Amino acid sequence: NAGVTQTPKFQVLKTGQSMTLQCAQDMNHNSMYWYRQDPGMGLRLIYYSASEGTTDKGEVPNGYNVSRLNKREFSLRLESAAPSQTSVYFCASMREASLGSNQPQHFGDGTRLSIL
Amino acid sequence: GNSVTQMEGPVTLSEEAFLTINCTYTATGYPSLFWYVQYPGEGLQLLLKATKADDKGSNKGFEATYRKETTSFHLEKGSVQVSDSAVYFCALSLLPGGYNKLIFGAGTRLAVHP
């Protein structure tokens, strides 16, 4: 039972390069999320997808785009990477965002991204 | 706005010591509250949750009680182990616009030594 799988685990980019972070879940969840984790700031929501075919901005969407490719997959793209985007990125999924606020989110192991 | 404030770490304890990690929140409406734990090199895992006032969440010896009057959800454990060393995140969840989103505190690193 893989849960939420993120690829790659590590990546180093140069400023201006583009990159797509991949996320897939095998729990048949409807809702998926992308967070970034920075020291002393906890996790901040970048984008989320309440259901297949919908995406919405979170707290810190600038510089990112997302694609909900199908129910399983939710990718995060950096079109022109900047050093401020150096962070650890986490993908999460939840069964159904609209059913209630007491559901847990299930997280992947993260992608550590460094931008030089 | 909605926010979560946790005590700053790191918290360093000896094995079998009592643990308290403070968490307070600000929220419009009636949030659900969570504690997540992150072990080194891993993603976050749900540790416990409480969905309404006076609820107590518990798991693996950890407990937290949803206190509406003090807007708090402090994490406690009576006797910590070395294996409890991790980063602990307090979070709240609301349904603005009908879609569930988590708001996290900054995290508290716990180090337990033998």
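A note on names: the letters A, B, ... follow the listed sequences, proteins ahead of strands, and every chain is numbered from 1. Bear in mind the structure is a predicted one, so any value in this text is a computation, not a measurement.
- For the side-chain hydrogen bond (donor to acceptor under 3.5 Å, both in side chains) test, no residue two or more places apart in sequence or in another chain qualifies with B:Glu15.
- Between A:Tyr35 and B:Leu102 the shortest side-chain heavy-atom distance falls below 4.5 Å.
- With a 4.5 angstrom heavy-atom cutoff, A:Leu43 touches chain B via backbone and side-chain atoms both.
- Transitive grouping of hydrophobic side chains (ILVMFWY, heavy atoms separated by less than 4.5 Å) brings A:Phe74 and A:Leu21 into a common cluster.
- Residues of residues 108-116 of chain A that come within less than 4.5 angstrom of chain B, heavy atom to heavy atom, are A:Gly108, A:Asp109 in numerical order.
- Within 6.0 Å of atom CD in A:Gln17, more than 12 heavy atoms from other residues, nucleotides or ligands are found, so the atom counts as buried in its surroundings.
- Within the 4.5 angstrom heavy-atom criterion, no atom of B:Gln6 approaches chain A.
- Both B:Leu13 and B:Tyr39 belong to a common hydrophobic cluster when Ile, Leu, Val, Met, Phe, Trp and Tyr are linked at side-chain heavy-atom distances under 4.5 angstrom.
- With a 4.5 Å cut-off on non-hydrogen atoms, B:Leu44 touches chain A through its backbone and its side chain both.
- Of residues 68-77 of chain B, not one residue has a non-hydrogen atom less than 4.5 Å from any non-hydrogen atom of chain A.
- What you find for A:Gln105 and B:Tyr36 is that their closest heavy atoms are N-OH, 2.9 Å.
- Within residues 103-114 of chain B, the residues having any heavy atom closer than 4.5 Å to a heavy atom of chain A are B:Phe104, B:Gly105, B:Ala106, listed by residue number.
- Atom CD of B:Gln45 has more than 12 heavy atoms from other residues, nucleotides or ligands within 6.0 Å.
- Both B:Trp35 and B:Leu33 are members of a single hydrophobic cluster when ILVMFWY side chains are connected at heavy-atom separations under 4.5 Å.
- Taking A:Arg44, A:Met41, A:Gln37 one by one and counting their heavy-atom pairs under 4.5 Å with chain B, the maximum is reached by A:Gln37.
- Linking Ile, Leu, Val, Met, Phe, Trp and Tyr residues whenever their side-chain heavy atoms come within less than 4.5 Å places A:Val88 and B:Phe89 in a single cluster.
- Side-chain heavy atoms closer than 4.5 Å link hydrophobic residues (I, L, V, M, F, W, Y) into clusters, and following such links, even through other members, never connects A:Leu78 to A:Tyr48.
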